[in-house]
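Note sheet for the following structure.
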Amino acid sequence: MFPNKTLISNEECKRFLASHGVMTLPNDMLKVQKYLIEFSEIISKRERLKALYNQFGWRDNFTKFVVGQVVYDGDVASPNPPCSTMTDLLKYYHKKGSMEKWKDTFNLYNRPGAEVQAFTLMNAFAAPLMAFTNTKGIICHLTSSESGTGKTTVQRFINSVWGDSGAIVIQDDTVNSRYHFIGVLNNLPVTLDEITNMDEEKASQLAYAITQGRTKLRMSSKSNKIRENTLPWNTILTTTGNSSLSDKIASRSKSPDGELARVFEMRMNSASAQQSRDTRYDEINKNYGYAGPIYVQHIVKYKDEVEKKVQKMTDDIAEEFGIVGRERYMADYFGCS
């Protein structure tokens, strides 16, 4: 796929085609362009225009949900023409293995002593529901001073609901690429692994950005106006680290309550020797991508009913625990989970 503005420019069209292995002599380029333009006109007369989505998640006023190259409308799954913003992430969102094997592996956390992990896994299903609340996003941070507690494995299990378990953002990724990743995923859960070395300033900025639901605004390089922000989000970001994210944020400010209200932190204990040797957990890397589409087809089909349930749950939690003001982030998060 390439835009019309490239097609009508002789030089741009030539460069684009060459980058895909299509070489033409200068005298033949006009013939190639003429062929492509005429063919595109034929297609436009034969077929209806297709919406080109640049984000995953909710689209068209909650009537569709995009996962990778598929659009779900509650009844059928249709092809989603890929947009350039999605290109780097499409490889992660597909199915592999079997649903039954995935279920068996996912249920390994359904046991006493794994309550922290089990609750965190609900981020996978809660993220699409955050759009039914007033909270744009929140951070769930798993911390442990020891290695080998299974923090990254939990993140892989979260990702397995929707696609490849390895769709994890890492600390070495640039700040812009991180926010681009979050913006494209939109209403899907996001996992950011090992932020132990993130400094206090960046940790605070991350907490604010997640709940604002967008990256910072930038000026256009070609005119004196703000560039359009086309990749907002409503999601849950699951982070891991060997140090406390809350402590890191608190050390930066005398009044850190605003940032801390945006972070829910849980400490993970060391897994037993037997559990750390259990190779059954590795099956999540071979079986994934089944549950999310089934789940979201149900949500789209019964959207109004699901939204009412989410709102009632968040209200009940807020009332029971006396949650008010900025702590409402937590009520929304717990309600969706």
Side-chain angles (χ1 to χ4, degrees), residues 1-61 63-73 76-96 162-164 166-167 169-170 172-188 190 214-233 289 293:
M1 296 180 67
F2 62 110
N4 289 337
K5 64 181 181 180
T6 299
L7 178 57
I8 63 173
S9 168
N10 187 285
E11 286 303 316
E12 287 188 35
C13 187
K14 187 189 300 181
R15 281 196 295 268
F16 182 90
L17 293 175
S19 70
H20 289 272
V22 181
M23 309 273 275
T24 60
L25 295 171
N27 293 338
D28 293 331
M29 191 61 215
L30 290 176
K31 297 176 185 177
V32 173
Q33 279 181 282
K34 185 173 184 292
Y35 166 76
L36 292 173
I37 291 172
E38 290 182 354
F39 189 71
S40 68
E41 290 174 345
I42 291 173
I43 293 174
S44 69
K45 292 174 183 177
R46 286 181 180 175
E47 300 182 18
R48 292 174 55 190
L49 290 173
K50 295 183 177 70
L52 189 65
Y53 300 116
N54 63 351
Q55 288 178 287
F56 298 171
W58 291 108
R59 303 280 87 190
D60 297 349
N61 196 28
T63 59
K64 296 181 176 66
F65 198 97
V66 178
V67 182
Q69 298 191 66
V70 184
V71 180
Y72 300 93
D73 67 3
V76 297
S78 307
N80 173 42
C83 182
S84 59
T85 58
M86 298 179 173
T87 303
D88 295 334
L89 301 181
L90 288 176
K91 60 185 178 183
Y92 294 114
Y93 292 91
H94 59 272
K95 296 175 182 177
K96 183 177 180 180
W162 301 95
D164 192 328
V169 187
I170 60 175
D172 289 342
D173 292 334
T174 65
V175 173
N176 287 341
S177 68
R178 251 183 263 154
Y179 287 130
H180 176 79
F181 198 108
I182 298 170
V184 173
L185 292 188
N186 186 17
N187 306 120
L188 265 59
V190 187
R214 63 171 177 81
T215 58
K216 62 184 179 181
L217 297 176
R218 295 181 175 86
M219 296 300 292
S220 173
S221 60
K222 298 181 180 179
S223 61
N224 188 26
K225 64 179 182 179
I226 295 175
R227 244 190 294 178
E228 182 182 3
N229 189 324
T230 58
L231 297 176
W233 59 73

Can you name the nearest heavy-atom pair linking Met86 to Asn54, along with the distance?
-> CE-C, 3.7 Å

Would Glu11 and Lys14 pass as an ion pair if we require N to O under 4.0 Å?
-> yes

Pairwise side-chain contact, Pro293 with Lys95, heavy-atom cut-off 4.5 Å (strictly under) = yes

Report yes if the side chains of Arg59 and Asn186 come closer than 4.5 Å at any heavy-atom pair, otherwise no.
-> yes

Rounding to 0.5 Å, atoms CG (Leu52) and CG (Asn80) come to a distance of 7.5 Å

Test item: Leu17 and Met29 side chains (from C-beta on) under 4.5 Å apart, heavy atoms = yes

Side chain of Ser9, backbone of Thr6: donor and acceptor closer than 3.5 Å?
-> no

Decide yes or no for Phe65 and Leu188: does some side-chain heavy atom of the first lie under 4.5 Å from some side-chain heavy atom of the second?
-> yes

When rounded to the nearest 0.5 angstrom, what distance separates CD in Gln33 from CG in Leu7?
-> 6.5 Å

About how many Å separate CD1 of Ile182 and OG of Ser177, when rounded to the nearest 0.5 Å?
-> 9.5 Å

Least distance between heavy atoms, Pro79 atom then Val71 atom | O-CG2, 4.4 Å

Derivation of the side-chain contact (heavy atoms from CB on, under 4.5 Å) call for Phe181 and Asp88 = CA-CA 9 Å; Phe181 198 108; Asp88 295 334; over 6 Å; no

Of the options Leu90, Val70, Val67, which is the one that meets Phe56 in a side-chain contact (heavy atoms from CB on, under 4.5 Å)?
-> Leu90

Beyond-backbone contact of Tyr93 with Asp164, side-chain heavy atoms, under 4.5 angstrom | no

Lys31 side chain near Asp28 side chain, heavy-atom distance below 4.5 Å | yes

Return the orientation label for the Phe39 and Tyr35 ring planes: parallel under 30°, perpendicular over 60°, tilted otherwise.
-> parallel

Starting from the C-alpha separation in whole Å, work towards a yes-or-no answer on side-chain contact (heavy atoms from CB on, under 4.5 Å) for Thr63 and Asp73.
-> CA-CA 6 Å; Thr63 59; Asp73 67 3; over 6 Å; no

Just wondering, do Pro232 and Gln55 contact through their side chains at under 4.5 Å, heavy atoms?
-> yes

His94 (side chain) donor-acceptor with Gly68 (main chain) under 3.5 angstrom | no

So, do Leu185 and Trp233 sit near enough that their side-chain heavy atoms are less than 4.5 Å apart?
-> no

I would like to know whether Glu38 and Lys34 meet salt bridge (charged side-chain N to carboxylate O under 4.0 Å, His left out); could you show each step before the answer?
-> CA-CA 6 Å; Glu38 290 182 354; Lys34 185 173 184 292; 2.7 Å; yes

